Each structure stands twice: as structure tokens, then as C-alpha cells.
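Here the structure is laid out as C-alpha cells; the discussion comes afterwards.
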Amino acid sequence: MKNLKTIALLILWIGFGPIFISCDSDDDGNEPESQGLNSGFLIVSQTASNRFVRYTPELPTGTFDVSAGESFEQFTFRHLLEGSIFLNSISSTFGVEKLIVNEAEQVESVGNIATLGDAFPVRVENENTGYFNDRNNLEEMTIFNPSTMQVTGGIDLSDADFIEGADFQNYGGITIRGNDMFFPYRARVNDQLIFDSLIYFVVDQSTNTYQKTIYLPGHINPRVFNDPLVDEQGNIYHLTSGDQSFPNLIKPSIVKIPAGSTDFDVSYQFRPIDALPGGSQLPIQLFDRFTYGANGIGYALGSVEVPASVVQIISDAGGIQNLNQEQINTVLALLASEPSAAWLKIDLEAQTVSIIDGIPLTSPFTNTRTIIDGDLYFGTTGNNTVYRYDPDTESTTELFNLTPESGDIFEIIDLSEIR
């Protein structure tokens, strides 16, 4: 049990997301009052205590000062529709908030649906239909109208297979393919994950009814902030922590629900770090920020080495399974500050992985990755720089870096995007 608890603590720190609360909005109405800008970009950075958000009509070049923009306690992008940003409430109460960038190029709240607990996930399907879950009521997925920010219905999940005795439960990102809706479920008791499978709930979106619960043994921890990805054929790919039982330790995997199916493909269990030279020998494998590009190619941030200081701590303890809490905290702090991960190109069909040239190593906890007009934009810590990658020419260009006052690059939000 000690082995599993140690590993679970590492995974929980990485995978379970915080509750996002802020105090910068004083709008408590439910009626959107104005239309926002639907072009330009929000650059989001983070420090130890806050997030900076600054609008720019064009992607920056050179050095960019995000701290000259607005400050929020938390600001984490969820979904976007025609210039409207939907996310966990940035006011002092729980809820789903709708933000715009107004003509003064300032973030403005134009709608809020109050909830009793943290609202996650939030998914906007179109101008009339969106979904979110109030974590105080896992037995219902709420349906709302993104245009009016009014609740319009709900999906009854009371017949789903919940884990008995769990003291923390939540859902991951919602994926919709045709009439099928999927979202991962996970739970824990104290600090221990208490199931041995990846668990998805399946809903028929056309009737808004729960259909079934599906399982994939040996993949127990879905990444909560990585929405499952759908390719052009309708295959769904999802990032999971893999088999956490000793001695496999942390082995991230990509799993698949094939096109036309609502069940996992048990034959597809792709461990991307193992596909890198020497990757299977890494004592800690971290893999996150999984993003789909096109034509069967995905992208992610993954471990390519382990800092020597971390290797020494593990060696002195006699193995990762023997780390105490103080050592775990030290390892996590070192991984957050020392560059040991690379941005990766992933062929999901051939199950091969390659390092993208021209981008320096970064912390495996770096957040920034987005797609704009077919190009990929990847952030790095340390030099705090954003790089543009052209998948057609496989070329990389340094685009801009942030001032020290800005903190670390966190997100780039393209206001013209619909997702």
C-alpha cells in the first residue's frame, strides 16, 4: 500500500486540478449586455499568486509585458465561442462565467450561472447548447444556453456506476462525437485512487440520456484538463496515467475509442514515452498537454530525461517507492523548475514519437500549447518564450518572450477560434 500511496500522491499532484476562484468580477447578472471582440488574442501568464491577462490585436513579437494587462487570482480558459470565453467563475462565488473582451480591450463579465460547487467541466457545443457539471451534484450534467446563460435542462446520471465510499469525485473534459457524449470519471478515498480502470460515462446527446459506463483496466487516472481528442475519422484518443501498480510506476498512455464505437479498443494502449530512445528507462515519466493537429498527428509535452538532482534523491531513497512526503515535495519542486521535458510530435496510427527541433527543454508542467491557423504554439519556462511550429515544413521559429514581471507563460487564447 505504501508503494501505491506514494505513486498516487505524485499523480494526484499532477492530475487533479485546483478549484479556480477569483475576486475581480462584480457582475452578478445573467443577461449578456454586449458583444465582445472576436479577433485578436489574450495572452495569459502566471505568478505564484495570480494570473495576468492582456489583450493584443496581433500575436506579439520580441518581448511582451503581460503584467501591463489585468490581474486575476485565477483565470483558466475552458471554452470559446465567437469571442465569448466560458470558464469557471472568476467572481467570489462558484459558477460558470461568460467573459468578453470589450471595445476598451478589457476583460468584461457578461453572464454567470451560479453553482453550489466548482463548475467543471464546461463544454460549449454551439450558440444554443452548452454543458457543465456542478461538483456538488455529480448525478446530473447541466445543460445551458450560452447565448442567454440560462439553464435549459439536465442529464440524469444517477444510474451511472459511481464508486462507493469516495470522498472526492469529479469528471474530466467532455467529448462529443455525433450523438455520443463521453466524459471520464474518477474518485479517491483519502489520498488513494480506489479503482483499477479508466472509467467513462457515455451519454446519447440527441436524447440527453445516460447510456452506460465503460472501463479500460490498468489505466486509472485520466488527465482532467486534457479533453479527449477526435480525429477526422471519428477516433477518440485520451491521455491517461496508465498502470500505476509497482513496478510499472508512472507510465502515461494514450488510449482509443474507435470511430463508430462507444467502447475502448483494448488493443490500443500506446505508451508514448516508451517510444522515445531510452524513454522506458526513465524512473519518472511525465506526459501532458496532449493536443490533436491533423492527419493522425498529435502533440504533447513529455519527459525526455530526469534531472540529475531528482535521480539522486530517488537513488538515496532506494527507489521511487520509498520516497517520503518531504522527498516527494522536493522532487515535484525540482521537476517544476528544471528543464527535462520536450515538445513532441506523435503519430497516433504508427505509434511513434519524435522531439520537435528548435525548442529548448522545459519543465514538464509547462502549460502553453495552442493551434492558430494550423500552426502550433508551444511555451517554455526558463527562457519564458513562445515558439511557433509549422507542421507542413516542420520548422520552428522563436516568436516572443515575456518580461520577468509577467511570470510564466500560461495560455494563448485566439478570440477568433470556435472551440
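Note that this is a predicted model, so its numbers are computed, not measured. Start at 1 with the first residue, then count along the sequence.
Side-chain N/O atoms of T262 and D180 include no donor and acceptor closer than 3.5 Å. Of the N and O atoms on the side chains of S309 and E338, at least one donor lies less than 3.5 Å from an acceptor on the other residue. A side-chain N or O of S109 and one of E97 form a donor-acceptor pair less than 3.5 Å apart. Looking only at atom types and distance, the side chain of Q327 has no donor-acceptor partner in the side chain of N322 under 3.5 Å away. Counted by atom type alone, T381 and T362 present one or more donor-acceptor pairs between their side chains at under 3.5 Å.
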Side chain to side chain contact (heavy atoms under 4.5 Å, CB included) evaluation trace for T370 with E411: CA-CA 8 Å; T370 191; E411 287 183 322; over 6 Å; no
Would R51 and T76 count as a side chain to side chain donor-acceptor pair (under 3.5 Å) if you check the C-alpha gap in whole Å, the side-chain angles of each, and the deciding distance to 0.1 Å? CA-CA 9 Å; R51 300 265 164 85; T76 301; 2.9 Å; yes
After noting the C-alpha distance and the side-chain angles of L376 and R369, does the key distance pass the side chain to side chain contact (heavy atoms under 4.5 Å, CB included) rule? CA-CA 7 Å; L376 282 295; R369 88 280 192 231; over 6 Å; no
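Atom CZ of F287 sits about 9.0 Å away from atom CG of L301, to the nearest 0.5 Å. Expressed to the nearest 0.5 Å, how far CG of L229 lies from OH of Y292 amounts to 9.0 Å. Summarising the geometry, atom CG belonging to L276 is positioned 9.5 Å from atom OG belonging to S303; distances are rounded to the nearest 0.5 Å. The line from CG of L344 to CD1 of I356 is 7.0 Å long, rounded to the nearest 0.5 Å. Between the CD1 atom of I113 and the CZ atom of F144 there is a distance of 5.5 Å, given to the nearest 0.5 Å. Rounding to the nearest 0.5 Å places CZ of F132 at 8.5 Å from CD of E140.
Ring-centre distance between F201 and Y171: below the 6.0 Å cut-off. Between F162 and Y185, the ring center distance clears the sub-6.0 Å criterion. The aromatic ring centres of Y200 and F264 sit less than 6.0 Å apart.
Below 30°, between 30° and 60°, or above 60°: for F270 and Y268 the angle between ring planes is above 60°, a perpendicular geometry. Using the six-membered ring where Trp is involved, F64 and F400 have ring planes that are perpendicular, over 60° apart on the 30 and 60° scheme.
Listed for the S45 side chain is no donor-acceptor partner under 3.5 Å among the backbone atoms of V66. R177 contributes a side-chain N or O that, together with a main-chain N or O of G234, makes up a donor-acceptor pair within less than 3.5 Å. For T175 (side chain) and F182 (main-chain N/O), no donor-acceptor pair under 3.5 Å exists by modelled atom type. In this structure, D65 contributes its side chain and T403 its backbone to no donor-acceptor pair below 3.5 Å.
Nearest approach of R289 to N367, heavy atoms of both residues: NH2-OD1, 2.6 Å. Closest of all the heavy-atom pairs between T129 and P146 is N-CD, 3.4 Å.
For the pairing with I43, the side chain to side chain contact (heavy atoms under 4.5 Å, CB included) check across I412, V53, V386 returns one residue only, I412. Of the listed residues (T115, N112, D118), just one forms a side-chain hydrogen bond (donor to acceptor under 3.5 Å, both in side chains) with S89, and that residue is N112. L42 pairs with exactly one of L80, L37, I85 by the side chain to side chain contact (heavy atoms under 4.5 Å, CB included) rule, that one being I85.
A salt bridge links D263 to K212: at least one charged side-chain nitrogen sits closer than 4.0 Å to a carboxylate oxygen.
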